[in-house]
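Written below as structure tokens is the structure these notes are about.
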Amino acid sequence: MPGPQAADLRLETLRLSQDGHVLTARIDAPPFNYMTARMQHDLLSLVRAVGDDDSVRAVVVTGGVAGRYITHYDIADLLSAAERAPLLSRPLARVLLGAARAMTALGGERLVERSPLAGVLAISRFHELVTRILRSRALWIGAIDGPCGGGGLEMSLFFDVRVAAETARFLLPELSIGLTTTVGGQRLVHLVGPARALEMMLETRAYTAAEAHAYGLIGKVVPAADVITEAQHMAARYARRSPAAVAEQKRLINSAYEMSSRASLTREGLAQITGVPTEVTRTLLRTWRSRQEPGGDSVFLTDPQPWVDGTAGQDGRR
């Protein structure tokens with residue numbers, strides 16, 4: 001008998017539908033589609049389910065809110081984590097991240113959520129999410145139809161194919177708030193090269209779809225009205241390939257990441273764990289929150305210049 005279908009999952013931040021061998025996941029976290037720990041958990045549930053569902057050969061991930069893909073990680077959530085988290089040494093952070101991974105692997109995820117390790121669980125989940133996408137026998141296609149930034153961009157770098165609307169924008173604002181990437185920094189280097197990757201992070205501005213295409217970040221730019229249809233048509237064509245051959249080809253292509261992926265993810269995770277509670281980051285996160293109207297859009301989009309210039313929260317820097 002066939003196993004459970006991934007399309008039958010009921011998730012808070014994703015709307016799922018399946019046509020043939022193509023599963024479409026629409027990210028639905030209105031009004032601004034900020035990434036949260038809940039969204040990461042839902043995405044991880046999806047990728048786990050796809051791994052057990054032979055009927056899915058390709059997954060299209062797109063925005064479920066008009067004009068939005070994944071804007072970036074919810075800064076209010078980051079600030080809350082920064083206010084609660086202790087300032088850890090790198091060796092201790094390494095031990096805690098390893099403990100969270102081990103307990104999760106043994107089925108103790110709920111215990112971790114209620115333990116002092118809860119603060120690192122989201123990072124551990126994020127690492128598992130992108131690693132599973134990289135190893136998935138299904139093809140993952142991003143239909144990027146709006147702002148794609150921070151954690152949303154980092155995750156999308158692990159997709160096999162990325163198609164973008166002409167109106168899409170790409171940004172990595174982490175350095176402007178005193179943080180580093182969590183999962184995607186080294187993957188970005190493989191796609192665009194080390195100099196370009198660091199430049200994008202230092203600039204912290206929103207790059208156009210045309211720029212992202214020129215850099216090799218995305219494979220195709222299409223009119224906004226066509227992006228989802230284009231991605232679904234590509235997915236339907238690719239789903240006709242031999243699943244065994246596709247899975248083997250993905251393993252061959254991604255073997256370079258397998259050699260050091262865990263070590264590189266650990267390094268990024270440690271930088272995030274030890275960076276979030278610092279006073280510089282807390283000051284910048286508070287500045288971000290103070291400049292955002294309640295229920296308002298991302299200041300990285302509405303008032304980006306202080307973050308691009310590096311003057312936001314300048315008085316609180318040390």
Side-chain angles (χ1 to χ4, degrees), residues 3-4 6 9 11-14 35-53 73-74 77-78 80-138 140 150-152 154-159 174 179-187 190 247 250-251 254-278 281:
L9 288 174
L11 304 170
E12 289 183 27
T13 64
L14 299 177
M35 178 176 274
T36 60
R38 176 73 262 169
M39 184 186 292
Q40 287 179 334
H41 188 272
D42 286 351
L43 287 162
L44 180 54
S45 296
L46 174 62
V47 74
R48 287 171 175 170
V50 167
D52 294 328
D53 187 349
Y73 202 92
D74 191 324
D77 275 12
L78 280 179
S80 177
E83 302 282 17
R84 294 194 312 270
L87 190 58
L88 302 173
S89 68
R90 190 169 291 260
L92 181 55
R94 184 185 297 273
V95 170
L96 292 177
L97 184 58
R101 284 174 172 168
M103 291 180 67
T104 300
L106 293 172
E109 196 167 47
R110 291 189 178 180
L111 290 176
V112 176
E113 287 178 333
R114 296 192 292 268
S115 78
L117 297 180
V120 299
L121 181 60
I123 292 175
S124 178
R125 281 173 173 163
F126 208 2
H127 288 180
E128 181 185 351
L129 168 63
V130 298
T131 301
R132 281 180 176 267
I133 289 172
L134 202 62
R135 297 174 179 173
S136 176
R137 56 169 179 69
W140 289 74
E154 290 186 53
M155 179 191 71
S156 300
L157 295 175
F158 287 81
F159 291 166
E174 284 88 343
L179 291 176
T180 56
T181 53
T182 308
V183 299
Q186 296 183 57
R187 177 77 172 180
H190 284 280
K250 285 187 62 173
R251 280 192 290 269
N254 292 321
S255 62
Y257 303 107
E258 292 295 321
M259 291 165 55
S260 61
S261 63
R262 189 166 186 84
S264 66
L265 287 172
T266 296
R267 179 171 295 179
E268 288 195 69
L270 293 176
Q272 183 79 184
I273 292 168
T274 57
V276 165
T278 61
T281 295

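Everything numeric in this text was worked out from a predicted model, so none of it was measured. In this chain, numbering begins with 1 at the start of the sequence shown.
- In this structure, Glu128 does not pair ionically with Arg101, as no charged nitrogen and carboxylate oxygen lie closer than 4.0 Å.
- The distance from atom CG of Asp74 to atom CE of Met39, rounded to the nearest 0.5 Å, is 9.5 Å.
- A donor-acceptor pair is defined here as one N or O able to donate and one able to accept, closer than 3.5 Å; such a pair exists between the side chain of Asn254 and the backbone of Leu134.
- In this structure, Pro277 and Glu83 have side chains that are not in contact, with every pair of non-hydrogen atoms separated by 4.5 Å or more.
- For the pair Leu179/Leu78, a side-chain contact is recorded, criterion being any heavy-atom separation below 4.5 Å from C-beta on.
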Sequence neighbours excluded and cut-off under 3.5 Å, please list the side-chain donor-acceptor pairs for residues 91-100, or say none.
none

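- Gln272 places a side-chain N or O within 3.5 Å of a backbone atom of Thr180 that can act as its donor or acceptor partner.
- Leu44 has its side chain within reach of Arg48: a pair of non-hydrogen atoms, C-beta onward, lies under 4.5 Å apart.
- Nearest heavy-atom pair across Leu46 and Leu9 is CA-CD1, 3.9 Å.
- Ser45 has its side chain within reach of Leu11: a pair of non-hydrogen atoms, C-beta onward, lies under 4.5 Å apart.
- The two residues Met155 and Leu43 have their closest heavy-atom pair at SD-CD1, 3.5 Å.
- A salt bridge links Arg38 with Asp42; the closest basic N to acidic carboxylate O contact falls under 4.0 Å.
- In terms of modelled atom types and a separation under 3.5 Å, the side chain of Arg137 and the main chain of Val50 share a donor-acceptor contact.
- Distance check: Thr182 OG1 to Ile123 CD1 gives 5.5 Å after rounding to the nearest 0.5 Å.
- For Trp140 against Phe159, the heavy-atom pair with the smallest separation is O-CB, 3.6 Å.
- Of the possible donor and acceptor atoms, one in the side chain of Glu154 sits under 3.5 Å from a partner among the backbone N and O of Gly184.
- Distance alone, capped at 3.5 Å, is enough to place a donor-acceptor pair between the Thr281 side chain and the Gly275 backbone.
- When every heavy atom of Val276 is checked against every heavy atom of Ala81, the shortest pair comes out as CG1-C, 4.2 Å.
- Residues Leu88 and Ile273 approach most closely at CD1-CG2, 3.7 Å, considering heavy atoms.
- Residues Met35 and Phe126 meet the side-chain proximity criterion, which asks for heavy atoms closer than 4.5 Å.
- With contacts defined as side-chain heavy-atom distances shorter than 4.5 Å, the pair Phe158/Leu129 does not qualify.
- A donor-acceptor pair under 3.5 Å is formed between the side chain of Arg187 and the backbone N or O of Leu157.
- Looking only at atom types and distance, the side chain of Thr181 has a donor-acceptor partner in the side chain of Glu268 under 3.5 Å away.
- For the atom pair CD (Gln40) and NE2 (His127), the distance works out to 9.5 Å, reported to the nearest 0.5 Å.
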